[in-house]
Student: 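Dumping the structure here so I can ask a few things about it.
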Amino acid sequence: MARAKRIALVTGANKGIGFEVVRQLVREGFRVFLAARDEKAGEAAAEKLRAEAGRAEDKANVAFIKIDISSPESIKSAAEEFSKQSDRLDALVNNAGILLDDDKDILTITPEIFETTLRTNSLGALLVSQTFVPFLKKSDAPRIVNVSSSGGQLTDGADGWAPAYCISKTALNGVTVQLAAALPEFAVNSVCPGWVRTDMGGANATRSVAEGASGVAWLASEAPQNQTGKFFRDRKVIPW
């Protein structure tokens, strides 16, 4: 009996790493829900991937779903919309994240910058995971991939860059290990894509978007299911 087509949902996927993860998963044969808060940009991104697909079957493997991960109401609405199209999810990629311009100095950072960053990058990923766990439980190999950063590592200390962003990624790694403990049948992992040439990473970054997305897509699709509660970069476990 043929295995049912695997289904993934990727947040923050209208551009950058998220967009490329969707592209790579579609090539792996997934049906992918491209999720973004900007409906116009998200629809355009989904249409671009459909245009790239050669076969009509592949074109049907990309669907847009609107979600603002900083809003519990938006997350709930996204789950309701998802449920109209599928009752199962195999891989959730929590990719959406923000790096605010004024996130420069731990001694002067405002409560607003700090709270906004953690609400999206840490709490948002947790709320999306909580909401979509019922769909993931219907998978025979459920996976949650949290796109983190080496800036969130506690090993060897910090260098002072973007403190709220880095702290939010440390917190996201905490979300990863807690979810892994609560969901022993799941593969729940964090991943650092490296310094990638995106709007966030800048033009001087050392990695292409395809290179950055590769390790994320691997965890969502091919990594051993018994690897859970870990932090990966380049398909290898790294320290927290």
Side-chain angles (χ1 to χ4, degrees), residues 6-14 16-36 65 67 69 75 78 82 88-97 120-133 135-137 139-153 168-194 196 198 200 207 209-238 240:
R6 290 180 292 174
I7 299 169
L9 186 149
V10 183
T11 66
N14 60 289
I17 292 171
F19 178 80
E20 180 62 26
V21 170
V22 174
R23 174 187 276 144
Q24 293 185 16
L25 290 177
V26 168
R27 289 174 180 169
E28 289 285 334
F30 276 76
R31 181 184 180 204
V32 186
F33 287 84
L34 184 157
I65 196 161
I67 187 169
I69 70 166
I75 295 170
F82 179 86
R88 186 189 86 250
L89 182 63
D90 297 290
L92 170 63
V93 180
N94 286 310
N95 168 74
T120 296
N121 295 359
S122 312
L123 180 59
L126 173 59
L127 295 179
V128 173
S129 298
Q130 289 175 336
T131 302
F132 281 88
V133 157
F135 299 103
L136 286 158
K137 284 185 173 180
S139 171
D140 60 1
R143 298 163 183 251
I144 298 175
V145 183
N146 291 326
V147 180
S148 187
S149 168
S150 60
Q153 285 180 288
S168 75
K169 294 301 186 179
T170 305
L172 178 60
N173 289 345
V175 169
T176 294
V177 296
Q178 291 290 338
L179 287 174
L183 300 165
E185 302 303 316
F186 285 43
V188 187
N189 293 290
S190 286
V191 58
C192 171
V196 180
T198 61
M200 184 182 292
R207 294 188 175 194
V209 176
E211 290 169 330
S214 176
V216 182
W218 175 75
L219 279 171
S221 61
E222 298 177 359
Q225 185 69 21
N226 62 0
Q227 293 292 300
T228 188
K230 295 180 170 60
F231 193 9
F232 283 86
R233 184 171 59 222
D234 297 331
R235 307 187 184 195
K236 296 177 182 177
V237 176
I238 61 174
W240 296 108

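The figures here come from the full heavy-atom set of this structure, side chains too, leaving out hydrogens, waters and symmetry mates. This one's a predicted model, so the numbers in the text were calculated from it and none came from an experiment.
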Student: Got a second to check how far S139's OG is from L92's CG, nearest 0.5 Å?
Tutor: 11.5 Å
Student: So for atom CD, which belongs to Q178, do other residues, nucleotides or ligands contribute more than 12 heavy atoms lying within a distance under 6.0 Å?
Tutor: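 Counting other residues, nucleotides and ligands, CD of Q178 stays at 12 neighbours or fewer.
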Student: Does the side chain to side chain contact (heavy atoms under 4.5 Å, CB included) test come out yes or no for W240 and V177, once each step is laid out?
Tutor: CA-CA 10 Å; W240 296 108; V177 296; 3.4 Å; yes
Student: Minimum heavy-atom separation for I7 to L89, with atom names?
Tutor: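 For I7 and L89, the tightest heavy-atom pair comes out as O-CD1, 3.5 Å.
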Student: Could you check if a side-chain atom of R27 sits within less than 4.5 angstrom of a side-chain atom of R23, using non-hydrogen atoms only?
Tutor: yes
Student: Which heavy atom in L9 sits nearest to a heavy atom in A35, and how many Å separate them?
Tutor: CD2-CB, 4.0 Å
Student: Taking all non-hydrogen atoms of both residues into account, name the closest pair between N189 and G229 and its distance.
Tutor: OD1-N, 3.3 Å
Student: Let's go through I75 and I67 carefully: what are the C-alpha distance in whole Å and the side-chain angles of both, what is the deciding distance for side chain to side chain contact (heavy atoms under 4.5 Å, CB included) to 0.1 Å, and is it a yes or a no?
Tutor: CA-CA 6 Å; I75 295 170; I67 187 169; 4.1 Å; yes
Student: Taking atom OG of S122 and atom CG of N94, what is their separation to the nearest 0.5 Å?
Tutor: 11.0 Å
Student: Rounded to the nearest 0.5 Å, how far apart are CZ of F82 and CZ of F132?
Tutor: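 Atom-to-atom, F82:CZ and F132:CZ are 6.5 Å apart.
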Student: Just by distance, do the side chain of D90 and the backbone of A8 share a donor-acceptor pair under 3.5 Å?
Tutor: no
Student: Is there a donor-acceptor contact under 3.5 Å from the side chain of N95 to the main chain of G12?
Tutor: yes
Student: Would you please say whether a donor-acceptor pair under 3.5 Å links the side chains of T176 and S190?
Tutor: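 A donor-acceptor contact under 3.5 Å links the two side chains.
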Student: Report yes if the side chains of Q130 and L179 come closer than 4.5 Å at any heavy-atom pair, otherwise no.
Tutor: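 With C-beta onward as the side chain, the pair stays apart.
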Student: Would you name the heavy atoms of A125 and N146 that are closest together and state the gap between them?
Tutor: CB-OD1, 4.3 Å
Student: Would you please test V147 and V93 for side chain to side chain contact (heavy atoms under 4.5 Å, CB included) and show each step?
Tutor: CA-CA 7 Å; V147 180; V93 180; 4.1 Å; yes
Student: Heavy-atom distance under 4.5 Å between the side chains of I144 and L183, does that happen here?
Tutor: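 I144 reaches L183 side chain to side chain.
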Student: Measuring from N226:CG to E185:CD, what's the distance to the nearest 0.5 Å?
Tutor: 11.5 Å
Student: Determine yes or no for a side-chain-to-main-chain donor-acceptor pair under 3.5 angstrom, with K230 supplying the side chain and K236 the backbone.
Tutor: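 The answer is no, because no donor-acceptor pair under 3.5 Å joins these two groups.
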Student: Where do R233 and Q153 come nearest, in terms of heavy atoms and distance?
Tutor: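 Minimum heavy-atom contact is NH1-OE1, 4.1 Å.
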Student: Out of curiosity, R235 CZ to E222 CD, how far, rounded to the nearest 0.5 Å?
Tutor: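 It comes to 6.5 Å.
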Student: Mind listing the closest non-hydrogen atom pair of I65 and A78 along with its distance?
Tutor: CD1-O, 3.2 Å
Student: If you measure only the distance, is there a donor-acceptor pair under 3.5 Å linking the side chains of E28 and Q24?
Tutor: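 Looking only at side-chain atoms, Q24 and E28 do not form any donor-acceptor pair under 3.5 Å.
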Student: Would you confirm whether T120, through its side chain, and G97, through its main-chain N or O, come within 3.5 Å as a donor-acceptor pair?
Tutor: no
Student: Is it true that a side-chain atom of S214 and a backbone atom of A210 form a donor plus acceptor pair closer than 3.5 Å?
Tutor: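 It does not hold such a pair.
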Student: Take atom CD in Q225; do more than 12 heavy atoms of anything else shown fall under 6.0 Å from it?
Tutor: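 More than 12 heavy atoms, drawn from other residues, nucleotides or ligands, come within 6.0 Å of this atom.
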Student: Examine the side chains of R143 and S221 and answer whether a donor and an acceptor come within less than 3.5 Å of each other.
Tutor: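 No pair is found: no donor N or O on one side chain lies under 3.5 Å from an acceptor on the other.
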Student: To the closest 0.5 Å, what do you measure between CG (L172) and OG (S149)?
Tutor: 10.0 Å
Student: Is the backbone of A96 close enough, under 3.5 Å, to the side chain of T11 for a donor and an acceptor to pair up by distance?
Tutor: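 Yes; at least one donor-acceptor contact below 3.5 Å.
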